[in-house]
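Keep in mind it's a predicted model, so treat the numbers as computed, not measured. Whatever order the structure lists them in is the order used to number ligands and atoms, beginning at 1.
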Amino acid sequence: MQIRILTVGDIVGAPGRNMVSKHLKPLREERNIDFVVANAENVFNGSGITPRDAELLFEGGVDCITCGDHVWKRREFVDVAAKDERIVRAANFSPSAPGRGATVLTSKSGHEVAVIHVIGRVFMQPIDCPFLAAQKAVEKARVRTPIVVVDMHCEATSEKLAMGRFLDGQVSAVFGTHTHVATADAQVLPKGTGYITDVGMTGPHDSILGRRVDRVLKKFVTGMPSPFDVAEGDARLMAALFTVDVRSGRCIEVERVEVRA
Ligand SMILES: [Fe+2]
Ligand SMILES: [Fe+2]
């Protein structure tokens, strides 16, 4: 038996959240999707997430939210992240940080799916080793279920590929988030882990990484501060769809998914 897991790329602002509300449930039906993980670090005006945003995403068909490096931008989210088992922050944050770095949830098909989230270190803020944190979390998760999905959130393609190879054969999928730019390297690695370097952005693509082009250009060209307002045009939902064997936890197939408004 197989299970189909959709991993949704960074949801940016209201345009991204609306894409989920409008298109995720029909997509779940159409593609027979059992479980949805979404990276939601940019839902609130492009940075952070509020409890209400999380609620709307869950209502829209998301089963599990991963939070990235902007997780604590909204203070009101801290309590929710601490309590709600469907919300995962990075496993390599300080052990004293609220919330969890891994969770096990039940899919629509009744199978237990473990979701682990780590943040990389190349061109990122200082953080504990993502490889050791992932290894520890994977060992713990595999006691419960062979179906394990890892969100590797970072800038460098090499660091994401390294995580994919590091966990190859131990987890069902490693998917990259954070850059907002999708990569064309969806593949099943040699030992059976599904992999993609970045699933891309769910949000306005007439933009620079989801922000207004004029605002970002001003900053680059003049060096002057500029408010990076969320853009509006060409909203898309970007994700990867992993087909996984439920007994072995191995990935059978992975493909990029893109829905346009
Ligand atoms: Fe992001
Ligand atoms: Fe990020």
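The cationic group of Arg211 does not satisfy the cation-pi geometry with Phe228, failing either the under 6.0 Å distance to the six-membered ring centre or the 45° limit from the ring axis.
Side chain of Arg89 to main chain of Val71: no donor-acceptor pair is present (N/O by atom type, distance under 3.5 Å, no hydrogens or angles).
In Asp10, the N, O or S atom that comes nearest to the Fe ion (ligand 1) is OD2. For Asp69, the N, O or S atom with the smallest separation from the Fe ion (ligand 2) is OD1. Closest N/O/S atom of Glu41 to the Fe ion (ligand 1): OE2. His178 contributes ND1 as its N, O or S atom closest to the Fe ion (ligand 2).
When distances to the Fe ion (ligand 1) are checked against a cut-off of 2.8 Å, Met201 contributes no N, O or S atom below that limit. Residue contact annotation: His180 places an N/O/S atom under 2.8 Å from the Fe ion (ligand 1). Note on His70: not counted as a metal contact of the Fe ion (ligand 2), no N/O/S atom lying under 2.8 Å.
Here the shortest heavy-atom pairing between Met19 and Arg260 reads CE-C, 4.0 Å. Nearest heavy atoms, Ala133 versus Asn92: CB-CB, 3.7 Å.
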| task | Decide side-chain contact (heavy atoms from CB on, under 4.5 Å) for Glu41 and Thr177; before the verdict, give the C-alpha distance in whole Å, the side-chain angles of both, and the deciding distance to 0.1 Å. | result | CA-CA 10 Å; Glu41 67 162 359; Thr177 55; over 6 Å; no
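In summary, Asp63 and Arg28 engage in a salt bridge, as defined by a charged side-chain N under 4.0 Å from a carboxylate O.
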